[in-house]
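Just so you know, ligand 1 is whichever comes first in the structure, and atom 1 is the first atom listed for that ligand. Values below: every heavy atom of this structure, side chains too, minus hydrogens, waters and symmetry copies. The structure presented is a predicted model; accordingly, all values stated were derived computationally and were not measured.
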Amino acid sequence: MGERPAEAPEAALAPAVLLVDDDPDVLRFYRDVLADRGFRLFQAEDGALATRLIVERPFDLVIADIAMPNMDGIALLRAIRQVDLDVPVVMVTGNPSYETAVNAIEYGAFRYLTKPVAPALLRRVAEYAVVMNRMAKAKREALRAVSGMNGSAGDRAGLEASFERALAGAWMAYQPIVSYSERRVIGYEALARTEDATLSSPLLLIEAAEKLGRLVELGRRLRGLVAASMDAVPAEAKIFINVHPRDFDDGDLSSPTAPLARSASRVVLEVTERASLEAIADVPHHVQTLRSMGYRIAIDDLGAGHAGLNTFARLEPDVAKLDMGLVRNVDSDSTKQKVVRSMASLCRELGILVVTEGVETVGERDALLKAGCDTQQGFLFGRPSRSIERVRW
Ligand code: G
Ligand code: MN
C-alpha cells in the first residue's frame, strides 16, 4: 500500500473512553477488559472530576457508575449533556432496580448494565457505542446540510440542557400589524426567539417544553419578557402574544399580580386553531376571567387547523388571524379569494376583527383588501425585529 494521506491529528486518534466509578477496583477491571481494544482510556473517581474532563476534551464514550457519592450517574449524565449532546453514556449499577433503569434510559443512557459486567458484554457495548457516537455526529451533520438546522438533542438530558440555554437566552421579536387604509400600526405580534441553535424556532421550543412538561414555565417567561417591554410600545398599539392552551390552566395567566396583568387592556392573547382545547377544563370560564381583566382573545392560524370550529366556538374570539396558507398567492387563486372573502364577511357579522398573516407581496395585499381584509401583517410591512419599529409607507 502507498502512503496514507495526512490526517488531522485528532481524527487519527483512537476513540477516547472515560471510565467513572468511585470504586478503584471497578476502574481497574474496566481498564483490563478494554485494554488492547484500540481505545484511549481515561478515568475519574467521581462525577465532579468526570465533568471537568468532559469540559476539557471530547469523549467518544462514557461508562459511569450510577450510585456514587456527591454526584450520582444521572446528575453526571445531565452535566455531560450541557457540553456534549451526543456522546453515549453507558450506566452501570450494582443495585439494579426497575426505577433506576427507567430513569437512566429516560434521561438518555445508552445502555444500562448491572455489576458484575461480563467482560465480553462490556467490550461489545463499548465498541458499538463508539460507532453510534459517530453515527449521531454524522446525522447531525446531515441535518445541518439538508435543512440548515442544528438538530435537537436526542435524549431527555440533552433536551433539558438545550431548553435551559434557550430559556435563559430567550427574547421577543416584534412584528407590526397594520390597518392599511389608515396607514397605521394597530399593534405588534410578540414572537419568541432564542439563541440556542438546536431550539431555534418557536415550534421546536414549544415541542421541547411539551416533552419536558415545562410549558407553564416557558409561558411565564415569555409573558414576563413582553411585560418588561410594554413601555417601549406606543400607547395606541396593542401587543399580540401567543399563548398555549395549557397556559389557561396556569393560575399565573389570570393572576391580577402577574407582570402582564397591568397591561391587560393592551394585550391580545392568541390561541392557535392548530392546538386542541379538549384537554383544558372549562375554557369558557377561563376566557371570561381573562376578558374581565381586560385581555382580548384572538384565534390564530384560522384555516390551518382541521379540528372543525370547536376552538373557535369555545373561545368566541375578538380577533381572527387568517393563516398565511390562505394568504400565499391569494392574488392568483380564485378559490382562496372566495374563502377569504366569506370568512371576512362572517367575522364582520360576528363583530370579529380579521387580521391576515404572512402578507409578502403587493399583489397579496391588494387581493386581501379587495376581499375585505384591511388589517394585515407580514414581511411586506415589517419583519419581526428586536426593537419596535415604525412602518415606512
Ligand atoms: O403562527 P404564528 O402566527 O404565531 O406565526 C407567525 C410566524 O410567521 C412568525 O414566526 C413569523 O416570523 C412568521 N412570519 C411573519 N410574517 C411572515 C411573512 O410575511 N411570511 C412568512 N413566510 N412568514 C412570516
Ligand atoms: Mn401568532
(request) For residues Val185 and Ile177, determine if any side-chain heavy atom of one lies less than 4.5 Å from a side-chain heavy atom of the other. (result) no
(message) Is it true that Ser342 and Ser345 share a donor-acceptor pair across their side chains at a distance under 3.5 Å?
(response) no
Side-chain donor-acceptor pairs of residues 373-384 under 3.5 Å, sequence neighbours excluded:
{"from": "Asp374", "atom 1": "OD1", "to": "Tyr180", "atom 2": "N", "distance (Å)": "3.4"}
{"from": "Asp374", "atom 1": "OD1", "to": "Ser181", "atom 2": "N", "distance (Å)": "2.8"}
{"from": "Asp374", "atom 1": "OD1", "to": "Ser181", "atom 2": "OG", "distance (Å)": "3.4"}
{"from": "Asp374", "atom 1": "OD2", "to": "Ser179", "atom 2": "OG", "distance (Å)": "2.9"}
{"from": "Asp374", "atom 1": "OD2", "to": "Ser181", "atom 2": "OG", "distance (Å)": "3.0"}
{"from": "Gln376", "atom 1": "NE2", "to": "Arg365", "atom 2": "O", "distance (Å)": "3.3"}
{"from": "Gln376", "atom 1": "NE2", "to": "Cys373", "atom 2": "O", "distance (Å)": "3.0"}
{"from": "Gln377", "atom 1": "OE1", "to": "Lys321", "atom 2": "NZ", "distance (Å)": "2.9"}
{"from": "Gln377", "atom 1": "NE2", "to": "Gln175", "atom 2": "OE1", "distance (Å)": "2.9"}
{"from": "Gln377", "atom 1": "NE2", "to": "Glu189", "atom 2": "OE1", "distance (Å)": "2.9"}

(request) Please work out which of the three classes, parallel, tilted or perpendicular, describes the rings of Phe110 and Tyr128, given edges at 30° and 60°. (result) tilted
(request) Determine the minimum heavy-atom distance between Ala261 and Pro256, stating which atoms define it. (result) CB-O, 3.4 Å
For ligand 1, run through the N/O pairs with the protein that fall under 3.5 Å and put one pair on each line.
{"from": "ligand 1", "atom 1": "1 (O)", "to": "Asp301", "atom 2": "OD1", "distance (Å)": "2.9"}
{"from": "ligand 1", "atom 1": "3 (O)", "to": "Glu357", "atom 2": "OE1", "distance (Å)": "3.0"}
{"from": "ligand 1", "atom 1": "3 (O)", "to": "Glu357", "atom 2": "OE2", "distance (Å)": "2.7"}
{"from": "ligand 1", "atom 1": "4 (O)", "to": "Glu189", "atom 2": "OE2", "distance (Å)": "3.0"}
{"from": "ligand 1", "atom 1": "4 (O)", "to": "Asn242", "atom 2": "OD1", "distance (Å)": "3.2"}
{"from": "ligand 1", "atom 1": "4 (O)", "to": "Asp300", "atom 2": "OD2", "distance (Å)": "3.3"}
{"from": "ligand 1", "atom 1": "12 (O)", "to": "Arg193", "atom 2": "NH2", "distance (Å)": "3.0"}
{"from": "ligand 1", "atom 1": "16 (N)", "to": "Gln175", "atom 2": "NE2", "distance (Å)": "2.9"}
{"from": "ligand 1", "atom 1": "19 (O)", "to": "Phe379", "atom 2": "N", "distance (Å)": "2.8"}
{"from": "ligand 1", "atom 1": "20 (N)", "to": "Glu360", "atom 2": "OE2", "distance (Å)": "2.6"}
{"from": "ligand 1", "atom 1": "22 (N)", "to": "Glu360", "atom 2": "OE2", "distance (Å)": "2.9"}

(message) I'd like to know if Arg220 pairs up with Asp247 as an ion pair, taking the criterion as any Lys NZ or Arg NE/NH1/NH2 lying under 4.0 Å from an Asp or Glu carboxylate oxygen.
(response) no
(message) Just so I know, are the side chains of Asp318 and Ile352 near enough to count as touching, which here means a heavy-atom distance under 4.5 Å?
(response) no
(message) Apply the hydrophobic cluster definition, ILVMFWY joined by side-chain contacts under 4.5 Å directly or through others, and give me every member besides Val216.
(response) none
(message) If we ignore hydrogens and angles and just use 3.5 Å, is the side chain of Glu236 paired with the main-chain N or O of Ile186 as donor and acceptor?
(response) no
(request) Take the Mn ion (ligand 2) as the centre and count protein N, O or S atoms at distances under 2.8 Å. (result) 4
